[in-house]
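Reminder, nothing fancy here: chain letters follow the sequence lines and each chain counts from 1.
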Amino acid sequence: MTFAELKTEALRRAGENPALPRFYTVAEAAAAINAAQNVFSFLTLCLEDTADLTIPTGAVLTPISPMAPRWIAPLRLELDAQKLQPGSLAQFRSLNPAWMDPSQRDAPQRYAMIGWQNLSAFPSPAIDTIITSRFATAPIQLVTDDQEPEIPTEDHPALVDFALLRMTAKEGAEPMTAALGGLRSFLAVAKRRMDTVKSRSIQLSYDTKPSERWFTLMEGAKWPSMLQQ
Amino acid sequence: MAVDATAVISQLLPPLVASSVANLAWWTEAELYANINDAANTLARSCVLVGEEAFIVYQAEVGPYDLPELFLAAIDLVADRYSRPQTSAAGLDAIDPGWRSTMADEVLRYSLDTDGPDKIRLYPAPTIADLTARLIYRGRLPDATALSPTMALPSCLFEYVWWDALGAAREKEGKAAMPDVAAVAKQVTQILGAAALDLWSTD
């Protein structure tokens, strides 16, 4: 579906005439569709990209976002076609308590993420080093009407479900009651996509798999009683 | 790609039934910024969202050192080439009852609970000035303001911040309160927060 089709459907389901909306605006529908694809890709990690990451000599923490602006999480990092193993600073410490010392610099074999955007390579590189990365990415924001979301085509209708909930936050109870069913549909589609992504992640030996905690939480969620009619 | 707090506020205006921050009926722009900052830092306290490093310059005296302003918890401290263990005040008491005044050439441990929440103590206190220890820590984000609205968050967390700030706004007591919207916002925030915890819960 194109961005125009998604906005039109969201407005129609919100009870508007898409050609002449009155209560909800086209801009609100556009923001809600972009929000929906953002959430979908975050929950499922279904979008991937690649980037070369330059790790400066001796760097302990290297910010990733300037080199990969839509970075969410690493999937697979390689140096000279060899996979770097994921780890933590605690593991690095146990392998070599002096690993940050300049005398210990060498070609990296492992890496750890410190926070969402700082990468730590172990050992710290002895020279500026380019690591090839495949990572889970956030989607490109939709701007023009003919653009299509990057997420799989069969999942596009689910974006409208989430967008409707976001739009009805303006009104509250009754419209939100109706939209909550759509949220459940959206999350069910996200769960199916997440399962597919997870299988693929295991096959490809990716380092980050999509979260399952959110779905467990959603299944046990106690939705507000006023919205459970 | 960062999260722009002005964009979050701009998208909060429709559900708060305002066309601009100037005609917000029940909230101020400052309150919305506060809600946004609370959302981001609640998450930063729950997982390792922000990891940073800082350097502590030895002063050849026994006193504690200031921690970075946005410090939440230590991940690692490297002094004199080696990672050093974090030790409680009780642990230091057991090792050396006179630890407050002990000085030596090599720092062996550090402690965060001897001198208040914004201080770190190196043990033994270094006798040599101007060397440095590297502190890697979990931090919180600097507050976004109208003059400095860029938040160092991944763009995928825009929605987390939006829903959490909306829920906080709609929970505010008064004629503008819409507890149903606040409750749904809380559920959506919990779902997104759970995914964030899985991605960034380790160091």
Next on the checklist: Nearest 0.5 angstrom please: Met100(A) CE to Arg81(B) CZ, how far?
Outcome noted: 13.0 Å
Checklist entry - Within a radius of less than 6.0 Å around CG of Asp130(B), do more than 12 heavy atoms belonging to other residues, nucleotides or ligands occur? => result no
Next on the checklist: Give me the atom names and distance for the closest heavy-atom approach of Leu43(A) to Ala195(B).
Outcome noted: CD2-CB, 3.8 Å
Item to check | Check: Asp198(B) and Trp214(A) side chains under 4.5 Å, non-hydrogen atoms | outcome: no
Item to check | Portion of Ala7(B) that has a non-hydrogen atom of chain A nearer than 4.5 angstrom | outcome: neither
Checklist entry - Highest number of heavy-atom pairs under 4.5 Å with chain B: which of Ala35(A), Ala27(A), Pro210(A)? => result Ala35(A)
Next on the checklist: Closer than 3.5 angstrom, by distance alone: can the side chain of Asn118(A) be matched with the main-chain N or O of Gly51(B) as a donor-acceptor pair?
Outcome noted: yes
Item to check | Any side-chain heavy-atom pair of Leu192(B) and Phe42(A) under 4.5 Å | outcome: yes
Checklist entry - Contact part of Thr25(A) toward chain B, heavy-atom cut-off under 4.5 Å: side chain, backbone, both or neither? => result neither
Checklist entry - Side chain, backbone, both or neither: which part of Leu16(B) has a heavy atom under 4.5 Å from chain A? => result neither
Next on the checklist: Tell me the closest heavy-atom pair linking Pro14(B) and Lys170(A), and the distance in Å.
Outcome noted: O-CG, 3.3 Å
Item to check | Over 12 foreign heavy atoms within 6.0 Å of NZ, Lys186(B) | outcome: no
Item to check | Any donor-acceptor N/O pair, Trp200(B) side chain to Ala73(A) backbone, under 3.5 Å | outcome: no
Item to check | Interchain contact, Arg134(B) with chain A, by part (heavy-atom threshold 4.5 Å) | outcome: side chain
Checklist entry - Side-chain contact, heavy-atom cut-off 4.5 Å: Val188(B) with Leu183(A)? => result yes
Next on the checklist: As an exercise, state the distance from CD1 of Ile191(B) to CZ of Arg213(A), rounded to the nearest 0.5 Å.
Outcome noted: 13.5 Å
Checklist entry - For the residue pair Leu166(B) and Ala169(A), what are the closest heavy atoms and their distance? => result CD2-CB, 3.8 Å
Checklist entry - Under 6.0 Å from the CZ atom of Arg138(B), do we count more than 12 heavy atoms belonging to anything else shown? => result yes
Item to check | Region of Leu165(A) in contact with chain B, defined by heavy-atom distances below 4.5 Å | outcome: both
Next on the checklist: Quick check on Gln104(A) against chain B: is it the side chain, the backbone, both or neither that has a heavy atom closer than 4.5 Å?
Outcome noted: side chain
Next on the checklist: How close do Leu61(A) and Glu52(B) get, counting heavy atoms only, and between which atoms?
Outcome noted: CD1-C, 3.7 Å
Checklist entry - Can you find a heavy atom in the side chain of Arg166(A) that is under 4.5 Å from one in the side chain of Trp163(B)? => result yes
Next on the checklist: Heavy-atom count check: over 12 atoms from other residues, nucleotides or ligands less than 6.0 Å from Lys198(A) NZ?
Outcome noted: no
Item to check | chain A contacts, top residue of Ile136(B), Asp76(B), Val78(B), Val17(B) (heavy-atom pairs, under 4.5 Å) | outcome: Asp76(B)
Item to check | Minimal non-hydrogen separation, Gly172(A) against Val181(B), with atom names | outcome: CA-CG2, 3.6 Å
Checklist outcome for this item: Of all heavy-atom pairs linking Ala194(B) and Ser211(A), the shortest is O-OG, 3.8 Å
Next on the checklist: When you compare the side chain of Glu159(B) with that of Phe162(A), does any pair of heavy atoms fall below 4.5 Å?
Outcome noted: yes
Checklist entry - How many angstroms lie between CE in Met178(B) and CD in Glu171(A), if you round to the nearest 0.5 Å? => result 8.0 Å
